[in-house]
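Note that this is a predicted model, so its numbers are computed, not measured. Throughout, a chain's letter reflects where its sequence line sits, starting with A, and its residues are numbered from 1.
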Number of protein chains: 2
Amino acid sequence: MPVTQVARTNTKQELRSHAQRLFAKHGYDGVSMRDIAGSVGIRQSAIYNHFQSKQHLLVDLMVNHMHVMLDAMRVAIDFTATPKAQLESFARFHVNFQIDYSDAVFIAYMELRSLEDEGHASVVVLRDQYEQTLRGILDAGIEAGDFVVNNSSVVARGLLAMMTGVTVWYRPDGDLTRDEVTESYIATVLRAVGSK
Amino acid sequence: MPVTQVARTNTKQELRSHAQRLFAKHGYDGVSMRDIAGSVGIRQSAIYNHFQSKQHLLVDLMVNHMHVMLDAMRVAIDFTATPKAQLESFARFHVNFQIDYSDAVFIAYMELRSLEDEGHASVVVLRDQYEQTLRGILDAGIEAGDFVVNNSSVVARGLLAMMTGVTVWYRPDGDLTRDEVTESYIATVLRAVGSK
DNA sequence: GTCTATACTACGATAGAC
DNA sequence: GTCTATCGTAGTATAGAC
């Protein structure tokens, strides 16, 4: 074995994580199979031992990400709590998740357009489930008289966009701690629905 | 002149508008010079009579867009009015501008990463000026005791992200009129800063 | 100012040796 | 499972005729 090679035990997973980082930084069309292979230390053709095509690799990343996010969100929220408590949990979860998985989140948002038919449909279904969960919380709060929101659909999307945007500017070594950022977003979200 | 050709009076401007549409839809790296030329009805090489390179074309679009947006924003806001009135004007302007220039807005957000050194710096300066204007309005409102905001910088970016997101889902032929959408965002923004 | 033709580079994907 | 080699296509940009 040449000295430049490294014993590799999990090439497929390495390909996933390097591809995710590269797609987030340069975009799907801005990254070649040679770029991905190079960052893992193999030749481009060897990728095809793990993924059928570049498109299959993207679908793998995005569908997996959506499932991870949905599952984690459902665990993070106590759906028997008050709407206000649910909204606070949702916001806390969402902001922290964006920070923890910023590359995956960015790809899920940006590269929907790069997905072909079946992959695109799969991801949209999962994204809508996530969005509907927040909308349901808002509707429950309106029903209970806790929230003042004119249009739960518009506001749900607005709040998600606001919180998702944290990845654009937040840096772990910046002026604000992660908790300060999270609490700031939670406070803004609660005010935005007229609670607090 | 072959029948497939059309008398063209403003090829450069046509190239700008077609490139903008294509970049917004498929991304800078997802669009070729042949694609752009084809949509205008000329050959790819003829683009170089109007723009030095693909990169120069992108910079032209983005810098121009930022100037248009900044100038229009400064006209739309009465900076002698109350902070609340300024914030309402800002929100109304911003949401409507996103809707009117959704392609340019989307490119300005997404393709910053595709800009090389000088172009990138130019656009960032202009974007920061825009963001600082909103932050200044929030600070004035806090100073006056009209707004309740813990961190004007975080909230300013959050509100911008929220409003900019309108382009992701708004469609002129959708359920909501443009005015309903705008007023919904304005109400949410005002609540989010504790005013109203 | 647009055309045809082309230079040069890079792309995704496959074949076959090891 | 990775390698080298290669196929066929497409990318940006330029040269020179009209």
Side-chain angles (χ1 to χ4, degrees), chain A residues 1-20 22-23 25-62 107 111 113-120, chain B residues 1-20 22-23 25-62 107 111 113-120:
Chain A
M1 182 182 287
V3 288
T4 53
Q5 285 195 20
V6 176
R8 44 182 58 271
T9 55
N10 205 347
T11 304
K12 188 163 187 170
Q13 198 53 43
E14 277 189 71
L15 283 168
R16 284 197 183 93
S17 71
H18 282 84
Q20 183 164 89
L22 290 170
F23 286 162
K25 188 165 186 178
H26 306 289
Y28 179 71
D29 287 320
V31 176
S32 70
M33 295 296 258
R34 284 174 179 83
D35 293 332
I36 299 167
S39 80
V40 173
I42 60 175
R43 298 293 178 172
Q44 168 244 20
S45 60
I47 295 182
Y48 293 88
N49 290 315
H50 304 281
F51 298 95
Q52 284 182 48
S53 68
K54 191 183 178 188
Q55 175 73 200
H56 279 83
L57 173 51
L58 179 64
V59 171
D60 178 287
L61 290 177
M62 290 183 68
I107 293 171
E111 301 298 352
R113 68 178 174 203
S114 300
L115 286 177
E116 293 159 16
D117 313 343
E118 326 83 46
H120 188 276
Chain B
M1 182 182 286
V3 288
T4 53
Q5 286 193 20
V6 176
R8 43 184 58 272
T9 56
N10 205 348
T11 304
K12 187 164 188 171
Q13 197 53 43
E14 276 190 71
L15 283 169
R16 284 198 183 94
S17 71
H18 282 85
Q20 184 163 88
L22 291 170
F23 286 161
K25 188 165 187 177
H26 306 290
Y28 180 72
D29 286 320
V31 176
S32 70
M33 294 296 256
R34 283 178 180 84
D35 293 333
I36 299 167
S39 80
V40 174
I42 60 175
R43 298 292 179 173
Q44 168 245 20
S45 60
I47 295 182
Y48 295 87
N49 290 316
H50 304 280
F51 298 95
Q52 284 182 45
S53 68
K54 191 183 177 187
Q55 175 73 198
H56 279 83
L57 173 51
L58 179 64
V59 171
D60 177 289
L61 290 177
M62 290 181 69
I107 293 170
E111 301 299 351
R113 68 178 174 203
S114 301
L115 286 178
E116 293 159 15
D117 313 343
E118 326 83 45
H120 187 276

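Using a 4.5 Å heavy-atom threshold, the side chains of A/Met33 and A/Tyr48 count as touching. Side-chain atoms of B/Gln52 and B/Leu57, non-hydrogen and from C-beta on, never get closer than 4.5 Å to each other. A/Leu58 places a side-chain heavy atom less than 4.5 Å from the side chain of A/Ile107.
Between A/Tyr48 atom OH and C/dC11 atom P there is a gap of 11 Å when expressed in whole angstrom units. Computed from coordinates, the B/Gln44 CD to C/dT6 P distance equals 15 Å when rounded to whole Å. For the pair A/Gln55 CD and C/dC11 P, the computed distance is 18 Å after rounding to whole Å. The distance between atom CD1 of B/Ile42 and atom P of D/dC18, rounded to the nearest whole Å, is 21 Å. For the pair B/Asp29 CG and D/dA10 P, the interatomic distance rounds to 17 Å; values are reported in whole Å. Put simply, NZ on A/Lys54 is 8 Å from C1' on C/dC11, counting in whole angstrom units. The distance from atom CD1 of A/Ile47 to atom P of C/dG12 is 9 Å, rounded to the nearest whole Å. C/dG12 atom P lies 13 Å from atom CD of A/Glu116, rounded to whole Å.
When the nucleotides D/dT4, D/dT12, C/dC3 are ranked by their closest atom to the side chain of B/Arg43, C/dC3 comes out on top.
Between the side chain of B/Ser53 and the base of D/dT12, no donor-acceptor pair under 3.5 Å is found.
Pairing each heavy atom of B/Leu22 with each of B/Ile36, the nearest pair is CD1-CA, 3.9 Å. Taking both residues in full, the closest heavy atoms of B/Lys54 and B/Phe23 are given as CE-CE2, 4.2 Å, listed atom of the first, atom of the second, then distance. Between B/Val59 and B/Gly119 the shortest heavy-atom distance is CG2-CA, 4.2 Å. For the pair B/Asp35 and B/Gly30, the tightest heavy-atom approach, listed with the atom from each and the gap, is OD2-O, 4.1 Å.
Within the nucleic acid shown, A/Ser45 comes within 4.0 Å of at least one base atom, counting heavy atoms only.
For the segment residues 30-38 of chain B, the set of residues with a heavy atom within less than 4.0 Å of an atom of DNA chain D comprises B/Val31, B/Ser32, B/Met33, B/Arg34, in numerical order.
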